[in-house]
Amino acid sequence: MDGKEHFERLRTLIDLEREAEKTENLRELRKFPVAQREALGKTVSGLTLEGVEGGMGGMTMYVFSRPPKGEDLSPFHAMNAGDNVLLTFPAGVEPRAAEGTLYKVEEYRVTVALNAPGGPEEEFRGASQIDLLGSDATYQRMRKALITAAESKRSRLSVLREIFLGETQPQRSRMPKVVFYNGTLNEYQQDAVKRAMAADDVALVHGPPGTGKTTVLVEIIRQHVSRGERVLATAPSNIAVDNILEKLLETGLRVVRLGHPARTLESLRHGNLAAQTEEEPLYRQVKELDALRERLIHRKSRMGRAQLGYDERQAREREVGRLWREARDLEFEIQRRIVASANVVLGTHAGISKRFVKGDFDLVVLDEASQAAEPLSWVPLIMAKKAVFAGDAHQLPPTIYSKEAAEGGLAVTLFDRLKDLLPSSVQTLLRVQYRMHEDIMRFPSESFYDGQLIADESVAQHVADELPGVASTPLTGKPVTYVDTAGAGFDEQWNELLESRENRGEAELAVKILRELLASGLKPKDVAVLTPYVAQAKLLKSLAREAGLEIGSVDGFQGREKEAVILSLVRSNEAGQIGFLGDMRRLNVAVTRARRCLIVIGDSATIARNSVYEKFVAHADSLDAHRSAYEWSHG
C-alpha cells in the first residue's frame, strides 16, 4: 500500500469510528442516569433558552445558558465547538429531541445549530438538556493532519512520512557525549537518551511498567532545549501530559501547558496557559474591557427603569460586540507571545491547537504512544522536524468503538507499526523497574518482556508489612497471593443493564480480603480493588464504601499504581470461556499496578485453560502462594 492509499484508508476508518462513537453515545443515553453523565461532562441539564437566531443555510441557532452552581468545572467542560449533540427540549405534553452541532461554547452559555433546517414546531416550556454525541473537533483535527501528512512534499514532514511507511530508513548521527542533567539515570535510561539525541528523524523508547519512561523523556527534552531547540510534548490523556509537566516545572525551563485549566491538576495549574496569561501585566486591560462590557450589558435606559429603545439597544449591542472582540484579540496576542517564547509546549494530542502552535518545533515527544490511534498521533507529528515516541506495546491500546474500523487497521497504533519497522539502533528497552517486588515482576517479565526486566534493589524485596503501622499477616507478608475459587460455586452472571459480567461470590470474597488488609493496618488510599468488568466494579463499589479506597476497571487504572492491589477476574464457567481476559495486555496492566502486595482472585478451572493464566497459577504455586477460597468461607 503506497502512502496516498494508507492515509486515505485511515480517513475512511476514522469516519467509521466517528459514527460508531456517536451510536454508542446514543445507546449510553438510554442506559445511564443523567447525574452520572453530567459528572462525565457528557450531559448538561437545566438549561434556559436565551434566544433563537437564524443561521447560514436556513439553520436555526438556539442560545442556552445555565447559571453557575459552585462547580469547579464549567457545565460544558467536556464540550467544544463542532461537537455533535442531542438537544432535548420540553414542548407541549411530550419532550422533543433534535440533533445539532455546538456552534459556540462559553463557560455558562452555549449556542446549538440544529442539523436540519427549521426548528421545533412548538415553543419551549421549561428546562432543556444537551447530550454529547461525540467530539467532532478531534475527528476534524485528525482528518486535517492526515491530509497534511499525505500531501506534504520535499519537507521534513515528507521525510518522516516516508520513514513511517517503510519507504526509507531513518538517519543517525554519531552517538553524542552527553552530560546528564539527571545524575540518577540507570544505564538503560542513559542509552535511551543517547539514542534519541543521535537520531536525526525518530527514536522509540519502550517503557514497561515502572521503568521511568517519563523521567527519560524529561531528560531528552532538556538535552534538546540545551541545544537551542523548541520542543512539543504531547500524550493522548491529560494525566499523562500532567506527569511530564510536573517534572518539567522543576527544571526551570520556560514551559506552558495548553488546554482548559480545569483539566490540569490543581497543583500544576500555574503551568497552564490560562494562568500564565492572567499573570501578564497587559492582562489588566483585558479585565477592564470585560468589566466595561458587563456594565454595558446590564445598563438601564436613560429614562430610568424603562426598557431601552430600539436605537439605543442596537448601539449598545454594537459596543458590546466591539469590546468583546478587542478583549479577545488582546488576550490572544498575550497567549501567542507566551507560547512563542516557551522552550516546551505541552498538551494532549487532540488539544494542540494550531491557533497557538505552528509547525515550527525541532522535536515532538509523544508519550503513551501505544495508547493513541495512528490518526491521532499525526496531529502533533505534522508540527515538528523529529519525533521521539515512548510507550509499551504490551499494555492496553486505545479503545476503538467500531469493530469494522478495528479490523481494518485502526486498532494498530503507529507505535505498534514502528517497533516492527524501525531498526534496533533507534529503539531502546528500559529494563530496570522501580515499582514492583521482584516476585510480582517476574511473571510479567517472563510472559511479556522476554525475562529482561530487573527489579531495582530499592523495591526488589519490599512488602506491605514494612509500611508504617502495618502488621505482618499471611497477606501483608507476601508479595503475591492467588486465591483460587475453583469448586466454590462462584458462578459468573451476565448483567443485562450494564452489558457486562459480574460474580457476586467473588466480589464478596474480594471485600473480605480487602477488610483483612485494612485490619492489618493498610490505609484505604494505598489499596485498589480492580476488575476487568464494569458490572463487577459497580458491584464491588456497592459492597465496599471505605473512604479513600479506589475500586475500578483495569482499563481505567492504566498508568497508576498502589501499594496493594486486589484483582477480581470474575470468569467462572464450565465452558472455560474467558472473553476479553484473553487480551493478555489487560492481564499485564492488572498485575503491574501493585508495588508490594498483589492478590488475584479467580477460578483456576476456568482461567487456567488459557496457557498464560496457567503460567500465572504455576508462578503462584512456585511461591507457595496458591490459596483456596474455602479458607475465607467461614470468615
Which of parallel (below 30°), tilted (30 to 60°) and perpendicular (above 60°) describes F164 and F389?
-> perpendicular

Would you say that [X] contacts [Y] through its side chain, given a criterion of any heavy-atom pair below 4.5 Å between the two side chains?
{"X": "T214", "Y": "K247", "value": "yes"}
{"X": "E563", "Y": "V527", "value": "no"}
{"X": "V459", "Y": "Q433", "value": "yes"}
{"X": "R596", "Y": "P479", "value": "no"}
{"X": "L248", "Y": "L346", "value": "yes"}
{"X": "M584", "Y": "F448", "value": "yes"}
{"X": "H437", "Y": "C597", "value": "no"}

For the residue pair [X] and [Y], what are the closest heavy atoms and their distance?
{"X": "L366", "Y": "S377", "answer": "CD2-O, 3.8 Å"}
{"X": "V483", "Y": "W632", "answer": "CG1-CZ3, 3.8 Å"}
{"X": "V193", "Y": "L185", "answer": "CG2-CD1, 4.2 Å"}
{"X": "T531", "Y": "A537", "answer": "CG2-N, 3.5 Å"}
{"X": "A564", "Y": "L522", "answer": "CB-CD1, 4.1 Å"}
{"X": "P209", "Y": "Y449", "answer": "CD-OH, 3.4 Å"}

Please determine if R501 forms a cation-pi arrangement with Y533, meaning its NZ or CZ atom is less than 6.0 Å from the six-membered ring centre and no more than 45° off the ring axis.
-> no

So, the side chain of [X] versus the backbone of [Y]: is there a donor-acceptor pair under 3.5 Å, distance only?
{"X": "N495", "Y": "E502", "value": "no"}
{"X": "N25", "Y": "L133", "value": "yes"}
{"X": "S628", "Y": "E631", "value": "no"}
{"X": "Q427", "Y": "H206", "value": "no"}
{"X": "R435", "Y": "T592", "value": "yes"}
{"X": "H626", "Y": "H619", "value": "no"}
{"X": "H349", "Y": "T138", "value": "no"}
{"X": "Y401", "Y": "K22", "value": "no"}
{"X": "Q577", "Y": "G579", "value": "no"}
{"X": "R609", "Y": "A605", "value": "yes"}

Salt bridge (Lys or Arg N to Asp or Glu O under 4.0 Å) partner of E550, the single match among K525, K541, K562 | K562

Start with the C-alpha gap between E21 and Y139, add the side-chain angles, then the distance that decides, and say whether side-chain hydrogen bond (donor to acceptor under 3.5 Å, both in side chains) holds.
-> CA-CA 11 Å; E21 183 186 8; Y139 283 92; 2.9 Å; yes

Side chains of [X] and [Y], donor plus acceptor under 3.5 Å:
{"X": "E219", "Y": "Q189", "value": "no"}
{"X": "Q558", "Y": "Q371", "value": "yes"}
{"X": "W494", "Y": "E499", "value": "no"}
{"X": "N573", "Y": "E492", "value": "yes"}
{"X": "N186", "Y": "Y434", "value": "yes"}

Hey, what do you get for [atom1] ([X]) to [atom2] ([Y]), rounding to the nearest 0.5 Å?
{"X": "F580", "Y": "S500", "atom1": "CZ", "atom2": "OG", "result": "6.5 Å"}
{"X": "L453", "Y": "R431", "atom1": "CG", "atom2": "CZ", "result": "8.0 Å"}
{"X": "E508", "Y": "S568", "atom1": "CD", "atom2": "OG", "result": "11.5 Å"}
{"X": "S572", "Y": "I607", "atom1": "OG", "atom2": "CD1", "result": "10.0 Å"}
{"X": "E187", "Y": "L430", "atom1": "CD", "atom2": "CG", "result": "11.5 Å"}
{"X": "N588", "Y": "S445", "atom1": "CG", "atom2": "OG", "result": "10.0 Å"}

Qualifying residue for side chain to side chain contact (heavy atoms under 4.5 Å, CB included) with I601, from L569, I566, L567, D484 = I566

Would you call [X] and [Y] a salt bridge, taking side-chain N to carboxylate O under 4.0 Å as the test?
{"X": "D603", "Y": "R571", "value": "no"}
{"X": "K213", "Y": "E368", "value": "yes"}
{"X": "K615", "Y": "E446", "value": "no"}
{"X": "D526", "Y": "K523", "value": "no"}
{"X": "R586", "Y": "D555", "value": "yes"}

Worked check of side chain to side chain contact (heavy atoms under 4.5 Å, CB included) between N243 and L245 = CA-CA 6 Å; N243 287 339; L245 175 63; over 6 Å; no

From CA spacing to verdict: side chain to side chain contact (heavy atoms under 4.5 Å, CB included), L410, V412 = CA-CA 5 Å; L410 195 61; V412 180; over 6 Å; no

Residues, nucleotides or ligands: over 12 heavy atoms within 6.0 Å of E466 CD = yes

Quick check: are there more than 12 heavy atoms from other residues, nucleotides or ligands sitting under 6.0 Å from CG of D624?
-> no

Worked check of salt bridge (charged side-chain N to carboxylate O under 4.0 Å, His left out) between D242 and R257 | CA-CA 9 Å; D242 282 347; R257 159 83 149 96; 3.2 Å; yes

Apply the test salt bridge (charged side-chain N to carboxylate O under 4.0 Å, His left out) to residues D439 and R442: give CA-CA distance (whole Å), side-chain angles for both, the deciding distance (0.1 Å), then the verdict.
-> CA-CA 5 Å; D439 287 348; R442 192 173 300 116; 3.0 Å; yes

Chi angles and distances behind the salt bridge (charged side-chain N to carboxylate O under 4.0 Å, His left out) call for E561, R593 | CA-CA 4 Å; E561 62 183 69; R593 300 309 93 200; over 6 Å; no

